[in-house]
Amino acid sequence: MSSTVLKIAALAGDGIGPEVMREAIRVLRAVEAKFGLTLQITAAPVGWAGIDASGQALPDATLALCRASDCILFGSVGLPDRDPTIPKEARPERAALLRLRKEFGLFANLRPVKLPRELAHACPLSLERQGAGIDILVVRELTGGMYFGQPKKTEEIPAPAGEPSRKWFRAIDTMVYTTPEIERIAHVAFRTARLRRRKLTSIDKANVLENGVLWREVVTAVSREYPDVALDHMFVDNGAMQLVLRPTQFDVLLCENMFGDILSDEAAALAGSLGMLPSASLGAATGDRVFGFYEPAGGTAPDIAGRDLANPIAQILSAALMLRHSFGLNEPAVAIESAVGQVIAAGLRTGDIYSASESGARRVGTTEMGTAIAAAIGH
Ligand code: NAD
């Protein structure tokens with residue numbers, strides 16, 4: 001692998017995007033030197049930066065770069081106060097993000113939530129419930145289920161006889177999954193569980209939904225190929241409750257699209273700050289490569305942009321996910337995650353994870369945090 005050139009499209013985007021991307025690249029360069037990798041990192045504008053550069057949120061040249069790359073390391077896009085006259089379809093959130101997801105068939109969304117022991121104060125749960133530390137990965141199906149199923153519409157219907165005369169509407173969303181759609185996301189979840197503590201909890205609503213019954217059957221069938229991973233099933237309502245009652249019981253949570261949307265945000269709240277949370281969205285594998293899109297869970301944070309206040313850790317951990325999932329480079333990925341752990345243990349805190357009551361903590365800016373993590377890679 002070391003002689004292969006790893007082609008990375010770096011799309012920093014808007015707001016804090018460029019600041020946190022700069023730190024992620026700093027850390028990637030440290031990993032490149034330590035592990036003898038060859039990273040070809042090419043920057044291109046996206047979002048309002050794309051509109052400013054060439055009139056499009058996803059400029060043609062940026063899309064061409066992405067197509068010629070192995071993966072995309074993404075910052076974030078969107079500035080709510082910029083030009084409200086631009087139609088929704090042309091705004092960065094849709095024209096760039098949704099277009100990229102569609103273009104690269106990104107069907108698997110991975111959201112790790114790890115709360116280091118030193119940041120227990122940032123978690124809304126009691127110390128007792130945090131146990132030995134929270135470390136959960138939510139694997140969410142991203143392209144199926146209720147968000148995309150057809151028919152999807154709102155239609156006017158006649159009011160039943162005897163009802164006061166006013167307009168009646170009916171809204172229809174359709175939840176639909178096929179066997180192959182469930183199989184492919186289940187394989188992603190089982191393979192990822194093998195890189196972790198080998199425990200997978202599949203979330204469904206099999207007591208009420210046909211989709212839940214099929215989901216459970218297919219996940220159980222796929223599990224036979226992974227006898228080393230312990231599988232259990234949980235109804236989504238219980239899963240939501242267990243996440244706050246006993247989050248330490250979970251390793252990997254496998255969810256369909258809507259349940260994953262909700263539970264991944266619930267799990268994210270346990271980490272205390274959006275600035276700590278990376279994510280990966282994966283497409284289909286070609287050979288030993290998986291096309292992936294890696295971005296922080298948070299947005300462009302316009303309230304703190306350009307002031308050296310943003311936490312770069314979510315972007316840096318997204319780069320670790322990229323090495324692991326797009327290139328199979330688990331050791332360098334672990335090196336980045338360990339370096340983040342070391343720097344947190346040493347007491348460095350950006351504003352979002354700083355508490356004046358924490359003894360030994362020192363408040364630092366974006367650049368100092370990134371530089372410290374890059375330096376820790378070398379050790
Ligand atoms: P946001 O995530 O940008 O900010 C919410 C809060 O979290 C803010 O107080 C912000 O300062 C804080 N925060 C977020 N990331 C942080 C970090 N790395 N370090 C420290 N603090 C951090 O959400 P928002 O304010 O609702 O959205 C702002 C813009 O971002 C909007 O235009 C929205 O559409 C866009 N957005 C983009 C993406 C994406 O590109 N994937 C995701 C979410 C929101």
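Both ligands and their constituent atoms are indexed starting at 1 by order of listing. Values below: all heavy atoms of this structure, side chains included; hydrogens, waters and symmetry mates excluded.
The only option from Arg198, His187, Arg194 that meets the side-chain hydrogen bond (donor to acceptor under 3.5 Å, both in side chains) definition with Tyr226 turns out to be His187.
Side-chain atoms of Thr192 and His325 form no donor-acceptor pair, as typed in the model, at a separation below 3.5 Å. Side chain to side chain, Glu181 and Thr178 meet the donor-acceptor criterion of an N or O pair below 3.5 Å. Side-chain contact, Arg101 with Thr143: no donor N or O sits under 3.5 Å from an acceptor N or O.
We find that Lys114 and Glu337 are not joined by a salt bridge, their nearest charged nitrogen and carboxylate oxygen being 4.0 Å or further apart.
Annotation: ligand 1 has protein neighbours Ile16, Ser76, Val77, Gly78, Leu79, Pro80, Glu93, Leu97, Leu274, Gly275, Glu295, Gly298, Gly299, Thr300, Ala301, Pro302, Asp303, Ile304, Ala310, Asn311, Asp352, each with a heavy atom less than 4.0 angstrom from the ligand.
Residues forming a side chain to side chain contact (heavy atoms under 4.5 Å, CB included) with Lys167 (at least two apart in sequence, or on another chain): Glu156, Phe169.
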